[in-house]
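Here the structure is laid out as structure tokens; the discussion comes afterwards.
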Amino acid sequence: MRLYNTLTRREEEFVPQEAGVVRMYACGPTVHDRFTIANARAFLTFDVLRRYLEFKGYKVLYTQNITDIEDRIIKKGEALGSSAQEVAERYTQAFFEDRELLGILPPTYQPRATEMVPKIIEFIQGLLERGFAYVVDGDVYFRVRRFKDYGKLSGKNLEELAAGASGRVEPDPRKEDPLDFALWKVAKPGEPAWDSPWGKGRPGWHIECSVMAQATLGTTLDIHGGGQDLIFPHHENELAQSEALTGRPLARFWVHNGLVMAGGQEMHKSLGNFEYARDVVARHGREAVRLFFLLRHYRKPMDFSHKALAEAQAAVERVYNFLEEIEAQGALAPTRAEPRSPAEQEFSAYLATVRAEFEREMDADLNTAGALGVLFELVRRTNTFMQETAPHDRSLLRRAGELIRELGRPLGLFQEEPKVRAKVTLSGRARIIAGAEEEIIAGNVEELINLLVEVRGELRAKGEFALADRIRARLNELGIELRDKEGGTRWRLRLKGKEQ
RNA sequence: GGCGGCGUAGCCAAGAGGUAAGGCCAGGGUCUGCAAAACCCUCAUACGCCGGUUCGAGUCCGGCCGCCGCCUCCA
């Protein structure tokens, strides 16, 4: 597989250090709030990379941090009149919930910054001993100019940085150089603090990632990931402090996903142009959100819009309609034992190429959009085959369905059972937008709908179409869609957002 | 100013120097009591503009135009 490496600014063949094992680290949340749909892109990108590496047979050791001590957490605690710890705990749990809503698999290791304080102190001491850090009034700073490779990841040089920084921020006169960054911050009154050789304080902004990566995965990672906005300063600083300490590369591949735009600008909390990921999932459904991202290359910037999400929703529906049809057909009758016709042979030969096509796209720097093109083509061609070649060998249809399932797995798509989707969606929404009472009602709603559908069916049988149509229209207004098929009437929920 | 990226049909989007994937919309059809849904078909002489290299260029090179990100809060 080839991956674009930010460090070399090239696509390179990815080979892990140890055969068959991938050590991967990706930046996780700072738990001061729920995460946005823009944050979701990063989490999802590395979820898919991880899933695909596993699909290819690698054992993936994946670490993601939870930063549970930071300025914004402390501020939020002050604003709410609760402790920073309470805020962090609350949003850590919220992170787990929202992650599950998106179908993101938990990493192998998920350390929290506050659990790592002794190791962080040890790490900083190592830097002090090597002359890469210095203490001022209980703060500890990293001596940027001492690390000669500083800027190699972000492509910056020290002179330009110094020139740029001088106009933008007040240089702290206690620092030897304006570019030096904090490894350890002295505690202010009332703030959470830990004992250290330099007095009471807390970790700086970048240190926890370096320490967690080393503690869980070792000195050199195969892949270090995150959003492009983290390249500088976060990852540059991580790289500097880790490599200064160990003398070894922190990561062989640096992988960065593109940003999410809204209204022509980067989506960001401070700009107010954001939406919470969970709200978008509630409105459009989990797989539509995943497809929305995976239909675009992970490194490109992309626009967020409900229109685009609704498009993804329609595309997801199409695949499930296909699976429903295929799996119903597959169950119907045994496969014919007769020799295959030329059309069947041709289709069979095509099916045999699909998996390789899919992998070829994914191997090209995780081209999920190209890979999805392969899957949609499979859907279309199978539908055509089903329609134009009759009778046909059903085992070929089954194989097509299996391919969608199998190749959908590394994308985290198309894994649900078509027949229970309405139910899953319903209870999922009830959980998101309402409390326990609604959840009980939600459990009965399905039966109520079935009852109405049944009554309407009897009316139709008697030719009383006016009343039957009224039931259908009223249910439709409620977001419940009826379809009269040969074997009876099926129904499904229509998620909001499609009306746009 | 420095560094990085982007500009492909109505919208979104992939693209391997060799003759434009895919999704959504739209139009036409099949099916249906009528619908809806589903499915099929159609839908870029063309890839921001101008030059160049090449037998051949969205794809490589140069210049220009437009948009975005980063340059110590950020996924």
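Convention: sequence-line order gives letters A, B, ...; per-chain numbering from 1. Excluded from the calculations below are hydrogen atoms, water molecules and symmetry mates; all remaining heavy atoms, backbone and side chain alike, are included.
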Report task. Tell me which residues in residues 458-469 of chain A put a heavy atom below 4.0 Å from RNA chain B, sorted by number, or none. Result -> A:Arg460, A:Phe465, A:Asp469
Requested in this report: Consider only side-chain N and O atoms of A:Tyr320 and A:Glu416, and report whether a donor and an acceptor are under 3.5 Å apart.
Outcome: no
**Report entry** Gap between atom CD1 of A:Ile37 and atom CD of A:Glu275 - 0.5 Å precision
**Finding:** 8.0 Å
Query raised in the report: Rounded to whole angstrom units, what separation is found between the NE2 atom of A:His32 and the C1' atom of B:rC73?
Result: 9 Å
Requested in this report: Give the rounded distance in Å between these two atoms: CZ of A:Arg9 and C1' of B:rC3.
Outcome: 7 Å
Report task. Report which part of the nucleic acid A:Gly28 touches: base, sugar-phosphate, or nothing (heavy-atom distance under 4.0 Å, all strands). Result -> sugar-phosphate
Query raised in the report: When Watson-Crick pairs (N1 to N3 and N6-O4 or O6-N4) and G-U wobble pairs (N1-O2 and O6-N3) count only below 3.5 Å on both distances, what is the dot-bracket string of RNA chain B, with | for other-strand pairs?
Result: (((((((..(((.....[...))).(((((.......))))).....(((((..]....))))))))))))....
Query raised in the report: Base, sugar-phosphate, or nothing for A:Glu266, non-hydrogen atoms under 4.0 angstrom?
Result: base
Query raised in the report: Are A:Gln241 and A:Ser210 linked by a side-chain donor-acceptor pair shorter than 3.5 Å?
Result: yes
Report task. Take atom CD of A:Glu377 and atom P of B:rC40, then tell me their distance rounded to the nearest Å. Result -> 12 Å
Query raised in the report: Taking atom P in both B:rA9 and B:rC49, what distance in whole Å separates the two?
Result: 10 Å
Report summary line: Residues passing the salt bridge (charged side-chain N to carboxylate O under 4.0 Å, His left out) test with A:Arg99, sequence neighbours excluded, are none
Requested in this report: Counting heavy atoms from C-beta on, name the nucleotide in B:rC70, B:rC40, B:rC73 closest to the side chain of A:Phe232.
Outcome: B:rC70
Query raised in the report: Starting at CG of A:Leu153 and ending at P of B:rG69, how long is that distance when rounded to a whole Å?
Result: 20 Å
Query - Spacing of A:Leu366 atom CG and A:His297 atom NE2 [to the nearest 0.5 Å] - result: 7.0 Å
**Report entry** Donor + acceptor pair across side chains of A:Tyr298, A:Asn367 (<3.5 Å)
**Finding:** no
Query raised in the report: Please give, in whole Å, the distance from B:rG22 P to A:Phe293 CZ?
Result: 24 Å
Requested in this report: Check every atom of B:rC74, B:rU72, B:rC39 against the side chain of A:His268 and return the nucleotide holding the closest atom.
Outcome: B:rC74
Query raised in the report: Between A:Glu238 and A:His206, do the side chains contain an N or O donor and an N or O acceptor separated by less than 3.5 Å?
Result: no
**Report entry** Per-nucleotide protein contact string for nucleotides 12-19 of chain B, where B marks a base within reach and S marks sugar-phosphate only (heavy atoms under 4.0 Å, - for neither)
**Finding:** SSSSB---
Report task. Would you mind reading off the distance between A:Leu294 atom CG and B:rG23 atom C1', rounded to a whole angstrom? Result -> 13 Å
Query raised in the report: Which is true for A:Thr6 with a 4.0 Å heavy-atom rule: it touches a base, it touches only sugar-phosphate, or it touches nothing?
Result: nothing
Query raised in the report: Think A:Arg380 has a side-chain N or O under 4.0 angstrom from the OP1 or OP2 of B:rC40?
Result: no
Query raised in the report: What interatomic distance, in whole Å, is found between C1' of B:rC50 and the corresponding atom of B:rU42?
Result: 35 Å
Report task. Report the residue (A:Arg456 or A:Ala42) whose heavy-atom-nearest nucleotide on RNA chain B is the more 5′ of the two. Result -> A:Arg456
Requested in this report: For the pair A:Glu464 and A:Lys462, evaluate salt bridge (charged side-chain N to carboxylate O under 4.0 Å, His left out) and give the outcome as yes or no after the intermediate values.
Outcome: CA-CA 6 Å; A:Glu464 297 190 37; A:Lys462 290 180 188 162; 5.3 Å; no
Query raised in the report: Tell me: CE of A:Met261 to C1' of B:rG69, nearest whole Å?
Result: 7 Å
Requested in this report: Decide yes or no, distance alone: a donor-acceptor N/O pair under 3.5 angstrom between the base of B:rA35 and the side-chain of A:Arg472.
Outcome: yes
Query raised in the report: Rounded to whole angstroms, how far apart are CD on A:Glu325 and P on B:rC31?
Result: 16 Å
Query raised in the report: Just checking, any donor-acceptor pair under 3.5 angstrom between side chains of A:Thr67 and A:Asn65?
Result: yes
Requested in this report: Taking salt bridge (charged side-chain N to carboxylate O under 4.0 Å, His left out) as the test, write out the residues that go with A:Asp229, two or more places apart.
Outcome: none
Report task. Considering just the side-chain nitrogens and oxygens of A:Arg381, establish if one lies under 4.0 Å of OP1 or OP2 belonging to B:rC40. Result -> no
Report task. Can you establish whether the number of heavy atoms outside A:Glu12 located under 6.0 Å from its atom CD is more than 12? Result -> yes
Query raised in the report: Looking at B:rU72, B:rC39, B:rG5, which one has an atom nearest to any side-chain atom of A:Tyr4?
Result: B:rG5
Report task. Assign A:Leu482 to base, sugar-phosphate, or nothing according to its heavy-atom contacts below 4.0 angstrom with the strands shown. Result -> base
Query raised in the report: Looking at A:Tyr4, does the NZ or CZ of A:Arg299 lie under 6.0 angstrom from its six-membered ring centre and within 45 degrees of the ring axis?
Result: yes
Report summary line: When A:Gly155 and A:Phe43 are each assigned the nearest nucleotide of RNA chain B, the 5'-most assignment goes to A:Gly155
**Report entry** Any residue meeting salt bridge (charged side-chain N to carboxylate O under 4.0 Å, His left out) with A:Glu377, in chain and number order, not counting sequence neighbours
**Finding:** A:Arg381
